[in-house]
Every structure is written in structure tokens, then in C-alpha cells.
Amino acid sequence: MPGKTYYVTTPIYYVNADPHLGHAYTTIMCDILRRYYDLLGYDTYFLTGTDEYGQNIMRVAQQSNRDVKEMVDANSAKFRALWPQLNITNDDFIRTTEERHSRVVQAILQRTYDNGDIYMAEYGGNYCVRCERFYTDKETEQKPGFCPIHETELEHIKEKNYFFRLSKYQDWLRERIESDRQFLAPNQFRNEVLALLRDPLDDLCISRPVERLHWGIPLPFDDKFVTYVWYDALVNYMSALGYPDDEKFQKYWPETTHMIAKDILRQHAVYWPCFLKAAEIPTFKRLRVHGWWTVEGKKMSKSLGNVIDPVEEANKWGLDVFRYFVAREMTFGSDGDYSAKSLVARNNAELADDLGNLLSRVTAMVGKYCEGALPALSEPTDADQTLLRGLNDLIDALPGHLENCTIHSFLAKVNQVVTLTNRYITEQAPWAKFKAGETDRVGTILAVASQMLIGAGHLLYPVMPERMAELLEAFGLGQPESLENTAPPAGNKIQPAKPLFPQLEYIEPTLEAPESQAAPVKPEIAFEDFAKVDLRIATVLEAEPVPKTDKLLRLTIDLGMEKRQIVAGIAQFYKAEEMIGRQIVVVANLAPRKLRGLESKGMLLAGRDGETAILLGPGGDLPAGSEVS
RNA sequence: GGCGAGGUAGCUCAGCUGGUGAGAGCGGUGGAUUCAUAACCCACAGGUCGGCGGUUCAAAUCCGCCUCUCGCUACCA
């Protein structure tokens, strides 16, 4: 079988933040895949890297008063330094700021331009200075002329930019996805993209004028512009292979698997294939999409202060236990929860009690009953063969799991086989047979069990290379070179193994003083500024949900001097009926605003803490219209 | 509100194109055993398979409606 190849990529990680659990998971999954394909005899290539251009990077650099290049060098180095600590075997690490990359980006852009799929158009748009982006009318239909995020007035700017004819490839793309189930998986993401393709796609703006953004790759056909956002990033998967001339590209590109998290699905499932098609380059073979990690049931976020540092976890639990846990715990494609309790539970049940203990009992018995030398497998019984067949079944099942990245369920199957081996030993009771003098049979039983352990060691090696190397070493074996299920090497001296996976203890976290999750205090203002705000007590007279919204209530309030209507985003916290009669605090002199077509003259005040909101009101009854100061 | 994914034993979930009396792991209870990391092995869960209706000789598995949860999105002055 000549030239079986496999190429797997992580996304290039954006260097505006430190690496966390999510980055580690994606990369570990890729590493596991590449190691499995290695064992299956494929010629493999594994790429990761960093994405370093763009406005966000510019802004972060400016805010921290750093030179951009110096900053991206430092942040990229953090990622580069992380991977060896997680035993990641990437072959290359590409940075978008490298010349070998920008050269290819420009070549692809030029080719696409020459083919007529990039055109210039004047974009008369509404621009938000703070977002540094344009908004479509559709995006601002609630409040035309205002930024939906900052709610500041948008500037009308006329700007020329280059656009990619994404719409031209919509039908082709739908056909591509529909005709090949392996192209995009798991299924929920395939459905999502197909649903998205039911509506017409807009052409994609792919440039920014240099005067607004110089931190980017210049368009080859117009140096007054840099390419914006996606061309410069996605092309890394090709440029790292030395497109177009390097033989690596010919060799690996047809067998490309892109691994991503679900947040960049659209870019990889829609933009990227179309970019490739337009440049007359074959599309990648597979896109695989995984979910996000929560931490102890909560979304991982900087503001919650629960961002998981993978190195810290690897140090705490052991690198291989960490790798095993993330691969085993997250159902591929769904979100998973990272919790110390379940990590400890999985370690103790699956690794320590089942696998580790199996190694312990087998090596101990070889020591006691066979003078420490691995016995020969002779005259296998039906029970022996049935058990050994389980190993073959596992090996046969592996390619399917790799294709779909369902490592989690493959690991479950390996566990089952380990459990069967434990049961087999109990049923065969070699200790009893030894007492009965059946030493040959005892030898065979231990040989079978050893073969099972060695097989499991091979099959788990890509996930836990260090611990499985120890396991194999106990049988006098080196690192696996293939997955063939062969008889154990009789005569090898067996070393009674020290516990391969020690029991871990889960300690209920003591109630530390909760780290403050309060938002930072805004810049100081003068009293005169505060005095401009007219706060009043008001009584709610009427309340009803605003149709077709989840969060809005329309309220009629009594302000003493007048009644007025306000629209408030509190429907998730208060029912309309419980609002009526309640006294609240409102900003009475706020400029009116239309929400969902309803005018809101004022804003009510509520205390907010992440998921909850509580209305502010007077401690006792006050006449409607009373001032608050 | 739109799109997507789901609601199966206390918990986490398997159950593909409909058909032996509905499963696994964890936890819990009881038992057996001693080779082993107080590990392993065995037995025990009587769960309206979210609800209602339909198709069928037969539905957790197909269709319709409803309901709830989660994700993305809209919206939240």
C-alpha cells in the first residue's frame, strides 16, 4: 500500500490571549490522531501555529503600549513553548507573520483576482470607530444609524474595498457538502452549515485600506490595501506545506483533516472551501468540529476567573491523565465539562482500578508463578481465544473512530476490553491452578493476559505515550511501531510494575474567598457629570411582554408629573404581572430610544451579576416622581 | 422570535436504516474471592424510554402537534 498519508491541522491560534484548555484540547486531539495514524503505517504531518494579524492584535498592542511585532513574537512563543509540555508532536509551527506564509497568501489572492473572483466595490457604509467595522442595514435595523454594540452613532464612510465572490460558489459548496458525508462532521454541524446555505450568501469583504489597518498582508494587486481577517489566516494550512512547489503539498494536501472548535465553523466550512475552489485548488478532505469546555459546569471565561491553564492541570494530575481525561470526557462534537471530580473519578475507575491494577496483578503473578519470565502461550482454550479476539475487534474498529474523531468512544471500548481481561483472570483463577500444579495452564493464562495488556498499551499509546511506554517496558518492550496483535515475547523478564496510575484523591474545594467578579470601576467623573443624571422613583402601572422578544417588557410608569412608556430588558428575570405596582428607579432624562418599534423614554435600574438581575427600588413607599440623589 | 442539538434507571449517557422480556458506566446495597493499587469478580435498579395523537401485525426507534433543556443568533437605554 504505497503512500498512505495523513495531514492534520489545528487552527492557528489568535495571539491576543494566553493559551487555555480549549487550545490544548484541539491540539491534543490532533496529536492523538496523528499518533494513531503513525501506528497504522501512514506517513503523517501535523501542523499548528499562530494567527497574528488584524485589528484586535493592533488594539491590544496599542492599549498595552507595546510594539506589535514584539508583542506577537512574545505571545506566539507562549504557544510554541506550550506544546512540548503537553507532549505534542507537531511537525511544523507556522506564524502568519512569516514570509513563507504571506508569499502564498499573495499568490492565492492574485490567482483569484486574475480569475475574476475578487472585485472592487465602493462600500458606502455605516462605520463604527470603536468596532472598527462596517455594519449592514440589516444589522442595525433596530436602531438605524447606531452601532448595535456600542450604541454610538455610526459614521457614514464611503470606502473602496475588495470583495470575494462568495455567492458564486454557494451552489457548488452545498453540493460538495451534501455529496460527501465525510467532508463535514459531526452531523449537527453539517446540518447547521447546510441550513445556512439555504439563504443566499453575501459576497465577502476581504480588504481594508492600509491607512486604517497597516498590520496585515498587502494585496498583491493593490498595495493600498491589506487582506482582512480570513484569507491571511486560512491559507496557512497550505503555505506551511510549501505550496505550490514543495513536494509536501502534493503529498499531504489531498489527505487534509482540519480540526476546529465550533466557533470558527462558518469560516472553515464556507469561506475556506470557496476560497480554494476559486483558486482552483482541491478542497481539503475533512473538517472536524468539536464543542467547548465548560469548567465545573460554568462557561470558561476571563471574567469568571476560571480559565484553565493546561500546564497547571498537567502538572497537578500528570500529563497523561490530563490527556486521557480530555479525550475521554468530551463527546466529540458536544460540549464537555472539565471538573476535578470527574477527572479523579475517571482516573480512579478506568485507569487505576481497571488498567493499572490489571498490570499490577499480571506482573505480580508472572513474578510469583513464572519466576519473572513471560511464559509462552500454548494450547489456547476457547476462553483465551475469545478474549484475544476482543483485541482484534478493537484494532478493526479504530479506523472508523479516527475518521469521525470519536476517540472518546474508542477509549470506552478499550476500557471494556480491560474489564473483560480482569474478569477473565478472575474466572481462570491462575492462583488456584498453580496450587493444583497446572503450571502450563497458568503460563498460558498469564501469557494471554499479557498479550491483552500489551495490546491495550499499544492502543492507548497515542493518548498516553509516557505511561504506556512504562507499561510496555514492564514487559521488556519498547515503543509500539504498529498495532499488530501478536503473541507476547515469551522469556522476557517481567518487572513488577510500580502502580502505573496511582489513585487520586478528590478534595472538595474549600470555600475560598470568592475572587471578585465585579467589573472594574469606570473612569472617575466629576460631580457635575453625575448631576446631569435625573434619577426618579416611579411606579409601574402596566407591564406586558414585547411580542417576539425574549427579554423585553413594555412598561407604563407613573413618574408623578407624567406617565410614560419604557421598554426594559428584564423579561428573563421578572414576569409582567409581578412588575405591576412595583416601585422602581428610572433614569428620567435619558434620550428616548426605539426598541422593536416601541419608544422607550427612560431606563430602569437593576443590579446585575452575570446571570441574574434584581430591580432597584426604594426601601419604603415614596411618591412617584421623587428624586433620587 | 429564527436556526441547530437534545429530553432513556439517582448521576453521565449507548441504543444506526422500527421486531427476542429496554442497556452500559458511576454511585448505592448484598455476596464471593485473594493474584492485585481496600483494587478485581458476581448479583440487585422493577425506569409511563418528556407529553399527546397517528402510521404499523409490531415503535424508545417513523410522522404530526405540544412541552422543557442546551448552544448559536436576534433582542436586552
Side-chain angles (χ1 to χ4, degrees), chain A residues 138-139 141-143 146 148 151 186-196 198-199 262-263 265-266 291-292 294 299 328-329 331 333-337 339 341-342 345-369 408-409 412-413 415-416 418-435 442 445-446 449 496-504 545-553 566-573 586-587 589-596 598-606 608 613:
Chain A
K138 200 176 166 187
E139 285 173 297
E141 63 186 354
Q142 301 308 132
K143 292 150 278 182
F146 286 85
E151 311 196 338
N187 212 20
Q188 66 262 34
F189 299 111
R190 186 170 180 269
N191 292 344
E192 219 169 292
V193 172
L194 285 172
L196 195 147
R198 283 200 285 269
D199 295 325
K262 63 185 184 181
D263 54 327
L265 174 62
R266 174 191 289 246
W292 284 348
T294 53
K299 190 171 172 175
R328 174 78 180 87
E329 180 72 10
T331 298
S334 305
D335 288 351
D337 187 50
S339 85
K341 198 170 184 175
S342 32
R346 285 218 185 275
N347 174 79
N348 290 356
E350 296 172 4
L351 297 179
D353 292 351
D354 288 355
L355 178 59
N357 181 45
L358 176 61
L359 176 66
S360 237
R361 59 199 304 212
V362 170
T363 53
M365 284 189 281
V366 171
K368 280 188 184 174
Y369 305 147
H408 64 286
S409 54
K413 287 183 181 172
N415 285 332
Q416 280 174 18
V418 170
T419 293
L420 288 176
T421 307
N422 272 317
R423 177 189 299 167
Y424 164 85
I425 290 178
T426 302
E427 283 170 352
Q428 297 296 323
W431 47 90
K433 292 192 167 77
F434 181 75
K435 280 177 189 160
V442 169
I445 292 164
L446 293 177
K498 71 175 197 307
L500 188 60
F501 294 101
Q503 296 272 350
L504 296 173
V546 177
K548 297 192 171 188
T549 68
D550 293 341
K551 299 187 182 174
L552 297 183
L553 290 183
I566 66 173
V567 178
I570 51 164
Q572 292 186 315
F573 314 111
V586 300
V587 183
N589 62 337
L590 192 66
R593 202 49 192 287
K594 272 201 169 178
L595 289 168
R596 281 275 164 190
L598 296 171
E599 185 169 56
S600 180
K601 295 178 72 175
M603 166 183 168
L604 59 72
L605 298 185
R608 303 211 53 154

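Throughout, a chain's letter reflects where its sequence line sits, starting with A, and its residues are numbered from 1.
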| said: What's the gap between B:C11 and B:U73 when it is taken at their P atoms, as a whole Å value? | reply: 30 Å
| query | Can you tell me how far C1' in B:G51 sits from the matching atom in B:G6, rounded to whole Å? | reply | 16 Å
| Separation between the C1' atoms of B:G54 and B:G31, rounded to whole Å | 49 Å
| query | Below 4.5 Å, heavy atoms only, C-beta onward: do A:Asp354 and A:Phe501 meet side chain to side chain? | reply | no
| remark: note: A:Leu605, atom CG; B:C76, atom P; distance rounded to Å ~ 17 Å
| Side chain A:Asn357 and base B:A36 donor-acceptor under 3.5 Å | yes
| request: Could you work out the separation of B:C35 and B:G30 based on their P atoms and round it to a whole Å? | output: 25 Å
| task | Would you indicate, yes or no, if B:C11 has its OP1 or OP2 atom less than 4.0 angstrom from a side-chain nitrogen or oxygen of A:Lys341? | result | no
| What is the nucleic acid contact for A:Phe434, judged by heavy atoms within less than 4.0 Å: base, sugar-phosphate only, or nothing? | nothing
| Where is the tightest heavy-atom contact between A:His408 and A:Thr331, given as atom of each residue plus distance? | NE2-CG2, 3.5 Å
| Within this structure, what is the CG-to-C1' distance between A:Asn415 and B:C13, rounded to whole angstrom? | 15 Å
| field | Proximity to the side chain of A:Ala364 - top-ranked nucleotide from B:C40, B:U37, B:C35 | value | B:C35
| request: Search all heavy atoms of A:Met365 against all heavy atoms of A:Pro430 and return the closest pair with its distance. | output: SD-CG, 3.6 Å
| B:A74 and B:G1: how far apart are their C1' atoms, nearest whole angstrom? | 7 Å
| query | At their closest point, which heavy atom of A:Leu604 faces which heavy atom of A:Ala568, and how far apart are they? | reply | CD2-CB, 3.5 Å
| B:A39 to B:C16 separation - C1' atoms, rounded to the nearest Å | 37 Å
| field | 5' priority, RNA chain B, between A:Asn348 and A:Pro502 [closest heavy atom] | value | A:Pro502
| field | Per A:Thr426 side chain, nearest of listed nucleotides B:U37, B:C40, B:C26 | value | B:C40
| message | Applying a 4.0 Å non-hydrogen cut-off, can you work out what A:Thr363 is touching in the nucleic acid: base, sugar-phosphate, or nothing? | response | nothing
| message | Measuring from the side chain of A:Ser360 (C-beta onward, heavy atoms only), which nucleotide among B:A36, B:A77, B:C40 has the closest atom? | response | B:A36
| query | When you check the phosphate oxygens OP1 and OP2 of B:C40, does a side-chain N or O of A:Arg423 lie under 4.0 Å from one of them? | reply | no
| said: For A:Lys368 versus A:Phe434, what's the shortest heavy-atom pair and its separation? | reply: O-CZ, 4.5 Å
| A:Arg346 has an atom CZ; how far is it from atom P of B:U12, in whole Å? | 13 Å
| So, A:Asp335 side chain and A:Trp292 main chain: donor-acceptor pair closer than 3.5 Å or not? | yes
| field | Rounded interatomic separation in angstrom, taking CG from A:Asp354 and C1' from B:A39 | value | 9 Å
| field | Atom-pair distance (CZ on A:Phe189; C1' on B:A5), nearest Å | value | 9 Å
| message | I need the minimum non-hydrogen distance between A:Ala449 and A:Val362, along with the two atoms involved. | response | CB-CG2, 3.8 Å
Protein and nucleotides 67-71 of chain B: nitrogen or oxygen contacts under 3.5 angstrom:
residue, atom, partner, partner atom, Å
B:G71, O2', A:Lys262, NZ, 3.3

| query | So do the side chains of A:Asn422 and A:Arg361 get within less than 4.5 Å of each other, counting heavy atoms only? | reply | yes
| query | Side chain of A:Asn422: nearest nucleotide among B:C40, B:U37, B:U34? | reply | B:C40
| query | Taking all atoms of both residues into account, what is the closest heavy-atom pair of A:Gly291 and A:Lys262, and its distance? | reply | CA-CD, 4.1 Å
| query | Given that both pair distances must be under 3.5 Å and the pair must be Watson-Crick or G-U, what runs of three or more consecutive pairs involve RNA chain B? | reply | B:1-7 with B:67-73, B:10-13 with B:23-26, B:28-31 with B:41-44, B:50-54 with B:62-66
| message | Using a 4.0 Å heavy-atom cut-off, does A:Gln188 contact any base of the nucleic acid, only the sugar-phosphate backbone, or nothing at all? | response | sugar-phosphate
| task | Could you check how far OH of A:Tyr424 sits from P of B:C35, rounded to whole Å? | result | 17 Å
| message | Just the rounded figure in Å: distance from C1' of B:U34 to NZ of A:Lys435. | response | 8 Å
| Donor-acceptor contact below 3.5 Å, side chain A:Gln188 vs main chain A:Gly333 | yes
| request: May I have the distance from A:His408 (atom NE2) to B:G25 (atom P), rounded to whole angstrom? | output: 17 Å
| request: Using the C1' atom as the reference point in each nucleotide, state the distance between B:A5 and B:G50 in Å, no decimals. | output: 16 Å
| request: Using a heavy-atom cut-off of under 4.0 Å over every strand shown, decide if A:Leu358 touches base, sugar-phosphate, or nothing. | output: nothing
| query | Any sub-3.5 Å donor-acceptor pair from A:Ser360's side-chain atoms to A:Lys498's backbone N or O? | reply | no
| message | Return whichever of A:Leu196 or A:Glu350 has its heavy-atom-nearest nucleotide of RNA chain B closer to the 5' end. | response | A:Leu196
| On a whole-Å scale, what distance lies between the P atoms belonging to B:G23 and B:A45? | 10 Å
| message | Less than 4.0 angstrom between a side-chain N/O of A:Asn191 and OP1 or OP2 of B:A5, yes or no? | response | yes
| Side chains of A:Gln503 and A:Asp353: closer than 4.5 Å at any heavy-atom pair? | yes
